[in-house]
2 protein chains.
Amino acid sequence: MPADHLHLLDRHSGVPLYQQLYELLRRRILSREWRAGHMLPTEAQLMEQYGVSRATVRQALDTLATEGLIYRQRGRGTFVAHPTVQQGLVRIVSFTEDMRQRGFEPKTRVLNTGIIAASADLAKVLDIEPGAEVARIERLRLADGEPMSIEVSFLVHALCPGVLQYDYARRPLRQTLEQEYGLRITRATQAIRAINAPDDIAKRLTVAPGDALIFIERISLSQYNIPVEFLRIYHRGDRYVLYNELRG
Amino acid sequence: MPADHLHLLDRHSGVPLYQQLYELLRRRILSREWRAGHMLPTEAQLMEQYGVSRATVRQALDTLATEGLIYRQRGRGTFVAHPTVQQGLVRIVSFTEDMRQRGFEPKTRVLNTGIIAASADLAKVLDIEPGAEVARIERLRLADGEPMSIEVSFLVHALCPGVLQYDYARRPLRQTLEQEYGLRITRATQAIRAINAPDDIAKRLTVAPGDALIFIERISLSQYNIPVEFLRIYHRGDRYVLYNELRG
DNA sequence: TAGTGGTCTAGACCACAAA
DNA sequence: TTGTGGTCTAGACCACTAA
């Protein structure tokens, strides 16, 4: 079974081998092909299967381990992590992916879309001129039919003209940006706060005004390191929990 | 100037070389010996100065980069990161360290201490018998004289008998655990939520009851992978913000 | 004892930034 | 052109787990 496997990684694509391998393994974990506790191939097996060196294999596994998707035990092997102790604070995860991992059935409802003129503040974070066109998309996210979060996206319209013509109840925004506009979101910085729910948000989340929410503001950058999206997320405090691991 | 530098790392200590180098560099950054924007020695220089291979140097730098303490630019060099977009969600950071980095002057007031019997829930997370002795320490954390957070620690008393005799307004808890009991906190898992301030907490934080708080529950493990502390942190929502970076 | 991941070395070629 | 970090290889020895 040699030749076939050697060609699963493309040495001329420009994408580093360790990253190709990382994505390949990641897909098999997230798709549940490999369940929690399942042992991954050993490093030696991965070297042989994909025709790369051990350092390359380890670089791919290191990333997965940092994200909490796998754990390693010397002398035993490498295993798929149990999803209790989670990422979510390391990688950009889609709402759909996030909810599936938490065992909920996700759904999306688009509340509002429109083109607006950038305010001074918005212009600053998106690094555009005040008054420039910004596409605004407001979505309600549901888990098992119950409101979980509201996401308000502000997109630099010059980078993705006509972005509002697509149906974001069905199609992920990030997929559209990549396929239609060649924009890949590669990095983001975010601030996490606790706020009391304003009346309008509370209503749409079906909680009482003043109830505590997790409020996240995120700036997402494209592969060219240019701001593409400013995102505000309001998570219901009674339903949404962020998990992570710390080192001493 | 060769020989001296070659001995800054101890090849017989059992501590991996990359980790020794990582800690050494980390200290120089956190102590502000190297300020934000300062260029670190190049990888080649570090190899020579410490007598290690490039892979070892890079392993140390990778960790610092993951934590957000440094950033690298191909063709230019490696630099100390600006503390705006920070960790706090990767490494266990003391309140004092955390506040200093945010430009506040930290202070601590001990509100309450005592020995209690472990409830069923507490026993479960600390992996001890229900009813076993637990040391409880409640501290108010101030930044520039204003209340910022309340921290309630629950310590497995059997692991650190007499731990309450020390003054935790002056002496960090983690330092005491290490110096007096040989316990190093090496790992922790935490859950982050938004809650409405209960009356008693609100009063001590000088906010209104119901105001939104960031509520963190953390289980800290020793170097032996045994639970040592269960910690509840209540951060004022109007003053405390968590920052982090995501990858796409 | 055999097989696993953890650490480390010495080397190579590359893309990119700056002079 | 020079020097930087980014990627990759081939090999080595080790500590730990499980049979």
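Chain naming here is simple, since letters A, B, ... match the order of the sequence lines and numbering starts at 1 in each.
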For nucleotides 13-18 of chain C, give me every protein contact, N/O to N/O, under 3.5 Å, one pair per line with atom names.
from: C/dA15; atom 1: O4'; to: B/R74; atom 2: NH1; distance (Å): 3.2

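- Regarding A/D62, its CG atom lies at a distance of 15 Å from the P atom of D/dG6, rounded to whole Å.
- For A/E43 and D/dG11, the CD to P distance is 17 Å, given to the nearest whole Å.
- One interatomic measurement links the two molecules: CZ of B/R11 to C1' of C/dT7, which rounds to 11 Å at whole-angstrom precision.
- The nearest whole Å value for the distance from the OH atom in B/Y18 to the C1' atom in C/dT9 is 16 Å.
- In terms of phosphate contacts, B/R72 brings a side-chain nitrogen or oxygen within less than 4.0 Å of OP1 or OP2 of D/dG6.
- A/R28 places no side-chain N or O within donor-acceptor distance of the main-chain N or O of A/L25, the cut-off being under 3.5 Å.
- Rounded to an integer number of Å, the gap from CG of B/D10 to P of C/dC8 is 12 Å.
- Here the nucleotide nearest the side chain of B/T78, chosen from D/dG5, D/dT7, C/dC8, is D/dG5.
- Ring orientation note: the planes of A/Y166 and A/Y168 are nearly perpendicular, at an angle over 60° on the 30°/60° scale.
- Within the 4.0 angstrom heavy-atom criterion, no nucleotide atom of any strand lies near B/L61.
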Which is it for B/R171 and B/Q179 under the side-chain contact (heavy atoms from CB on, under 4.5 Å) test, yes or no, and what are the steps along the way? CA-CA 11 Å; B/R171 181 174 181 166; B/Q179 292 180 352; 3.3 Å; yes
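- Taking the side chain of B/A55 as heavy atoms from C-beta on, and the options D/dT7, C/dT9, D/dT9, the nearest nucleotide is C/dT9.
- In terms of modelled atom types and a separation under 3.5 Å, the side chain of B/Q20 and the main chain of B/V15 share a donor-acceptor contact.
- The interatomic distance linking B/M47 (CE) with D/dG5 (C1') rounds to 13 Å, in whole Å.
- In this view, B/F95 satisfies the ring pair (Phe, Tyr, Trp, His ring centres under 6.0 Å) rule with no residue, not counting sequence neighbours.
- In this structure, A/F79 places its CZ atom 12 Å from C1' of C/dG3, rounding to the nearest Å.
- Nearer the 5' end of DNA chain D, as judged by each residue's closest nucleotide, is the contact made by B/R58, out of A/T56 and B/R58.
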Give every donor-acceptor pair under 3.5 Å between a side-chain atom in residues 125-137 of chain A and any protein atom, sequence neighbours left out.
from: A/E133; atom 1: OE1; to: A/H157; atom 2: ND1; distance (Å): 2.8
from: A/R136; atom 1: NH1; to: A/E138; atom 2: OE1; distance (Å): 3.3
from: A/R136; atom 1: NH2; to: A/E138; atom 2: OE1; distance (Å): 3.2

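- Spacing between atom CD1 of A/I70 and atom C1' of C/dT4 amounts to 14 Å, rounded to whole angstrom units.
- Proximity of a side-chain donor or acceptor of B/Y22 to a complementary backbone N or O of B/D62 within less than 3.5 Å is not detected.
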